[in-house]
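Okay, structure first, notes after.
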Amino acid sequence: MNRKDVFILILVYLFGIVWIVLNKCLNLSITLCPTKILWGIPCPGCGITRAIKLCFEGDLWAAVLMNPNIILVWIILPIAPFILIIQLTTRKDYIARINAFLDKKVYLVIILIAEGSIWIYNIVRHI
């Protein structure tokens, strides 16, 4: 991954943080999910912004019930800036290493099963 790609990821990360802060401060309820807009079906990520808002309010269990992917957010959100900054400073491609690790079939199957289950969970709950 080149420096330009890393800067793009940093911008996406910062946009996400701004989006979270704006949603918390302004109490926005804008639907960004393309599957929800086009077909009326929630995607596996639907409800993640509301889950983050619940985390800010201290209701972690309700956040997990809103969207179990919030557990991944708890892990990735604090670690991502460090990985990106280290990648920029050392010029070692840590993101490619992470992708290579996750590209193994066993992890891919686990991720697909988990996300498929979350998708069904969101559809049944009409998020």
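We use all heavy atoms of the structure for the numbers below, so side chains are in, but hydrogens, waters and symmetry mates are not.
- The closest side-chain heavy-atom distance from Ile76 to Tyr13 is not below 4.5 Å.
- Annotation: the span from Glu115 atom CD to Asn69 atom CG amounts to 4.0 Å, rounded to 0.5 Å.
- Criterion: ILVMFWY side-chain heavy atoms under 4.5 Å apart, direct or through other members. Under it, Val12 and Leu84 are not part of a common hydrophobic cluster.
- Between the side chain of Arg97 and the backbone N or O of Lys92 there is no donor-acceptor pair closer than 3.5 Å.
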Would you check, one step at a time, whether the test side chain to side chain contact (heavy atoms under 4.5 Å, CB included) holds for Leu77 with Ile52? CA-CA 11 Å; Leu77 202 59; Ile52 291 171; 5.7 Å; no
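- Cluster membership for Leu14 and Ile8, using ILVMFWY side-chain heavy atoms within less than 4.5 angstrom, is not shared.
- When all heavy atoms of Pro78 and Pro81 are compared, the pair lying nearest together is O-CD, 3.6 Å.
- Rounding to the nearest 0.5 Å gives a distance of 10.5 Å between CG of Leu60 and CD1 of Ile71.
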What verdict does the side chain to side chain contact (heavy atoms under 4.5 Å, CB included) test give for Asn67 and Val73, after you've listed the backbone C-alpha separation in whole Å, the side-chain angles of each residue and the deciding distance to 0.1 Å? CA-CA 10 Å; Asn67 190 321; Val73 172; over 6 Å; no
Begin with the C-alpha distance, continue with both residues' side-chain angles, and end with the deciding distance and a verdict on side chain to side chain contact (heavy atoms under 4.5 Å, CB included) for Leu54 and Trp61. CA-CA 9 Å; Leu54 288 168; Trp61 182 245; over 6 Å; no
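- Within a 6.0 Å radius of CH2 in Trp119, other residues, nucleotides and ligands contribute 12 heavy atoms or fewer.
- Using a 4.5 Å cut-off between side-chain heavy atoms of Ile, Leu, Val, Met, Phe, Trp and Tyr, with links allowed through other members, Leu9 and Phe101 fall into the same hydrophobic cluster.
- Here the shortest heavy-atom pairing between Pro44 and Asn122 reads O-ND2, 3.4 Å.
- Phe56 and Leu72 end up in different hydrophobic clusters when Ile, Leu, Val, Met, Phe, Trp and Tyr side chains are linked at under 4.5 Å.
- To the nearest 0.5 angstrom, Thr49 atom OG1 is 9.0 Å from Ile70 atom CD1.
- Closest heavy-atom contact between Cys55 and Ala63: SG-CB, 3.6 Å.
- Nearest heavy atoms, Arg125 versus Leu65: NH1-O, 2.8 Å.
- Linking Ile, Leu, Val, Met, Phe, Trp and Tyr whenever their side-chain heavy atoms come within less than 4.5 Å puts Tyr107 and Ile75 in one cluster.
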Apply side chain to side chain contact (heavy atoms under 4.5 Å, CB included) to Asp103 and Leu108, showing your working. CA-CA 6 Å; Asp103 276 346; Leu108 185 60; 5.9 Å; no
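- Between Tyr94 and Gln87 the shortest heavy-atom distance is N-OE1, 3.3 Å.
- One distance of note links CD1 of Ile86 with CG of Leu88; it measures 10.5 Å at 0.5 Å rounding.
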